[in-house]
Amino acid sequence: MAVELCLLLLLFCGSTISEVQPIYKPPPGTLDFGFVPSKTYDTGAYHEPGSIGILFKIVHAFLYLVQPNSFPQDLIRKVAQQQLGKTQGDYQKPENVVLTLQAIYYEIGFIVSAALGLLFILLLPLVGLCFCMCRCCDNCGGEMHQRQKKNADCQRSCFATFLFVASLIISVGVLCAYAANQHLTNQVRGAKKLVNSNFKDLKIFLNDTPAQIDYLVSQYNTAKDKALSDLNNVGPVLGTRVQEQLGKEVRPALDAALTMAGAIRETKEALENVSVSVEVLQEGTERLRANLTDVKTHLSNTLNDSACNAAQAASTCNIIRNSLSQLNVNANFSGLPGVSSQLAKVNDVLKIDLSSLVQKGYAAFNDTPDLVVNQTRNILSAVPYIKSVLESIGSNITTFTKALPVQKILDDLMVYLTQSEAYVQDYFPLVEQYDFYRWLGCLILCCMVVLILVFYYLGLLCGTCGYDKHASPTTRGCISNTGGNFLMAGVGFSFLFSWVLMTVVVLTFVTGGNVEKLVCEPFEDKNLFKVLDTPYLLNQQWKNYLAGILFKNPNVNLTFEKVYSDCKENKGIYTSLHLEYLFNINEFLNISMYTEDVALKIEHIQINLSKIILLDEIGKENLLNFSSSGIDGIDFSAYLTEINKSVTKVDLLSFANDLEARADQLPKGALENALKGHANSIRMIHNQQVVPLEQAMKYVKARSTLNQSVRLLKKTSSELMVKVKNVISAVNAAQFLINNNASQVIVQETKKYMDTIVGYFEQYTEWVKESIAMEVAACKPIANVIDTAVDIFLCSYITDSVNTFWFGLGGSSMFLIPAIIFAVKLSKYYRRMDTEDVYDDVETIPMKTTENGNNGYHKEHLYGIHNPVFTSSVEQW
């Protein structure tokens, strides 16, 4: 009943899921629905046994030796499906005989071990009875006489050592049994906290589920509010999208036109710079040519002086005279073509402000959102209808929420849970009481072994401490004799208690071992669930038993293993139990039915952008005029050739220095002084005229220099007509797109906008689906209850403790056998004998030299043992 109520409660979770497939490609704006409220479950379904876990592992290893076979899934399935015992003669059927033999083969380890235990139970008491009767007849060591041997001390030490070792092993076994017994009691006492934790988690599970459902329902408003916000701003939002889409072609075209307008201004500046620079350079080179001509004339007149005819100066003067031709201007700027006509045409082009025209195109295009806003006012009239549609969806969810008897189901579940908790709390003291009886019984069993150990340890202690190797068997001390009596008492109690101990060991071994092998281990590796999930196993008419119980439809693929695994991973119970088979979500919440109306309203948007003019005809004509300004006809190679030439044919500084050096070779006098004067004049011409000309051409990194201006003009004029036509073509293509194809772009963007609106609700449904699957009504407490009942209580608390108990107690019981043997043997060396071996003195009584003395005992003297009692009696005799 509880399961069905729980399932009915969680049906509501499915009411907020839509299976509508997304119809849009671009992802919509991401919505933040927050986190589903949830609390942390307290129960940790994991048990750490502590230090006793080492014993548990040893017991598991021993059970693996006894039963190394894997879990018999097929055998259990066949046995369950055969339903043995329903009719007479079932066990005689061949197939059932085979199953029985397979079961025996699987249990052969337990069967053999149990058979050995039964032999122990039956034979040890019989052996003890026969042993006692035999000793009563002075046989089997019952005769109080000890034969003397040379290795008596060695035998006594060996028997004592073996008995001590056996007693230690028995002590370890009984300690293991006691630890397991106490561990089980401690766990039972502490189980109440774990049980309460499970009930607390189940209450949290029930109490949080309605709040989680309400949160999922309330988050519908997030999607609704976002959709309404976008609809109220349809103009700016859609206009911005249309502008972004058209801007992929419009903005590059306008940018190219604006770049061309800047190029026109730069061309004007470059032409002006070239015109001015050429005039300056022409003027400078003419003045330089005149000055150099004057210097050559004066220098030639000086060389014509009679002093140059002297033998010492003639060669030098001839060399200087021959170099006078180098004093001349190298660059000829006078022959360069002018650029005045091109500059005049460019100035005419600049009378029209092309940049202003392009900026008007930018402004018109940037008004696209406003145009869309003005032309989409009709959609705002549909917003109230769309809002009513969206509100109806929310009201449907709320109505369905109220229609479900959620609170009644919760109350019924809580009542059932409270009753179950009260039942457990009422019976838990009874469980503790029965556990106390169990603990007391196990403690009594341990005390039986402890009593035997006490006798053995006291016997060893007294016998070892009171033993006198110089005393004869008949004169042993009281302490030694007491030790021997303690050992025999331990033997007697061993015979009395051993069969009781072994009976308990066999029963707990068979039970606990099979529970470990057939329940705990297959539960851990989930093989147990695979057996339960076998088709037609639990019900011959149902393929899947769990689905048949929950859904009345055994064909649904719902298995114990899958449910347990999902709950173990803390998934939602809707996913774990496949509750979609109980409720068709599409019939309740079909968002596509409502979004079609919204889409139709939005698709009726009509927008006209033909008022946008990117660049008028005046601007285009202005660009064409610039392309025909003639700058591409300038002879740039002539300019660059002259610019790359040096100002003079020779470096004037070098020439002046060389002239002065040659003047130093002449005799002192007027000729020398005159030549040095001419050298200084040449230096002055270089500093005042050549250097400024060189800087104006090459060495100043500014646009105003002639060199850079010419190169800029050359770059601008390169394929100028093609560039202008490309700009005009790009502008025309963008304008054509706006005038003729904008409607298609608007339709596409409108579709995307519609998909975005619809996408909000699809995001909501996907979020709800994910939340239902992973967060809402997370069924971790159900898995915890199963783990607590099976893995912790049954396996960790009970089975491991019981198995460790029989392991320790069984080991102690088995080692009672060697302990009995060694104790009986050792007691002969500690107890005081009634008679002893008597031997005649060979030297004094030669007639008694036979091997056997009085009463057939070995002679004392033959073994080197002196008998003072016998000696004194002989002397008296």
Side-chain angles (χ1 to χ4, degrees), residues 59-123 502-549 554-565 786 789-791 794-795 798-800 802-803 806-807 810 814:
V59 174
H60 291 165
F62 176 77
L63 285 175
Y64 179 78
L65 293 177
V66 174
Q67 175 54 281
N69 299 321
S70 59
F71 181 64
Q73 297 184 35
D74 295 336
L75 178 60
I76 294 177
R77 291 189 183 101
K78 292 177 181 178
V79 171
Q81 291 173 348
Q82 290 295 332
Q83 297 181 350
L84 300 178
K86 280 196 171 184
T87 59
Q88 189 175 3
D90 280 348
Y91 294 99
Q92 283 74 31
K93 294 180 180 180
E95 60 273 17
N96 295 337
V97 172
V98 173
L99 290 178
T100 303
L101 293 176
Q102 290 177 350
I104 293 174
Y105 175 77
Y106 175 79
E107 293 284 340
I108 190 65
F110 288 103
I111 293 174
V112 172
S113 301
L116 294 176
L118 291 176
L119 287 177
F120 184 97
I121 295 170
L122 295 175
L123 294 181
M502 187 54 67
T503 300
V504 175
V505 168
V506 170
L507 292 177
T508 54
F509 165 72
V510 173
T511 304
N514 279 287
V515 170
E516 174 68 27
K517 285 294 182 178
L518 296 177
V519 178
C520 296
E521 290 185 1
F523 177 81
E524 184 176 358
D525 56 21
K526 298 182 182 179
N527 284 328
L528 187 62
F529 294 109
K530 294 179 181 178
V531 173
L532 296 177
D533 291 331
T534 302
Y536 311 107
L537 178 67
L538 301 178
N539 189 316
Q540 294 183 349
Q541 306 299 325
W542 290 351
K543 180 180 179 181
N544 295 303
Y545 182 78
L546 188 58
I549 289 292
N555 294 321
V556 175
N557 187 20
L558 183 67
T559 61
F560 289 99
E561 181 183 7
K562 186 66 169 60
V563 172
Y564 174 78
S565 299
I786 297 174
V790 180
D791 188 43
L794 178 61
C795 297
I798 299 175
T799 304
D800 284 344
V802 169
N803 287 339
W806 64 250
F807 182 76
M814 293 301 298

| task | Over 60° means perpendicular and under 30° means parallel, so classify the ring planes of Phe529 and Phe523, tilted if in between. | result | tilted
Looking at [atom1] of [X] and [atom2] of [Y], how far apart are the two atoms once the value is rounded to the nearest 0.5 Å?
X	Y	atom1	atom2	value
Ile104	Leu99	CD1	CG	11.0 Å
Leu532	Thr559	CG	OG1	10.5 Å
Glu561	Leu546	CD	CG	12.5 Å
Tyr105	Ile111	OH	CD1	12.5 Å
Ser113	Ile108	OG	CD1	9.5 Å

Within the structure provided, determine whether [X] and [Y] are in side-chain contact (heavy-atom separation under 4.5 Å).
X	Y	result
Tyr106	Lys517	yes
Gln73	Thr534	no
Lys526	Ser565	yes
Pro72	Leu518	yes
Ile76	Phe71	yes
Leu63	Phe110	yes
Asp533	Asn544	no
Val802	Thr508	yes

message: Determine whether a donor-acceptor pair (N or O, by modelled atom type, separation under 3.5 Å) exists between the side chain of Thr799 and the backbone of Leu794.
response: yes
Would you indicate whether Tyr545, at its atom OH, is surrounded by more than 12 heavy atoms from other residues, nucleotides or ligands within a distance under 6.0 Å?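 Not more than 12 within 6.0 Å, no.
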- Atom NZ of Lys562: over 12 foreign heavy atoms under 6.0 Å: yes
I need the minimum non-hydrogen distance between [X] and [Y], along with the two atoms involved.
X	Y	result
Val790	Val519	CG1-CG1, 4.4 Å
Trp806	Asn803	NE1-OD1, 2.7 Å
Leu118	Val506	N-CG2, 4.4 Å
Gly810	Met502	O-CE, 4.5 Å
Leu558	Ala547	CB-CB, 4.0 Å

query: Is there a side chain to side chain donor-acceptor pair (under 3.5 Å) between His60 and Asp800 once you walk through the steps?
result: CA-CA 9 Å; His60 291 165; Asp800 284 344; 3.0 Å; yes
Practice problem: Verify salt bridge (Lys or Arg N to Asp or Glu O under 4.0 Å) between Asp74 and Arg77, making sure each step is shown before the conclusion. | Solution: CA-CA 5 Å; Asp74 295 336; Arg77 291 189 183 101; 3.1 Å; yes
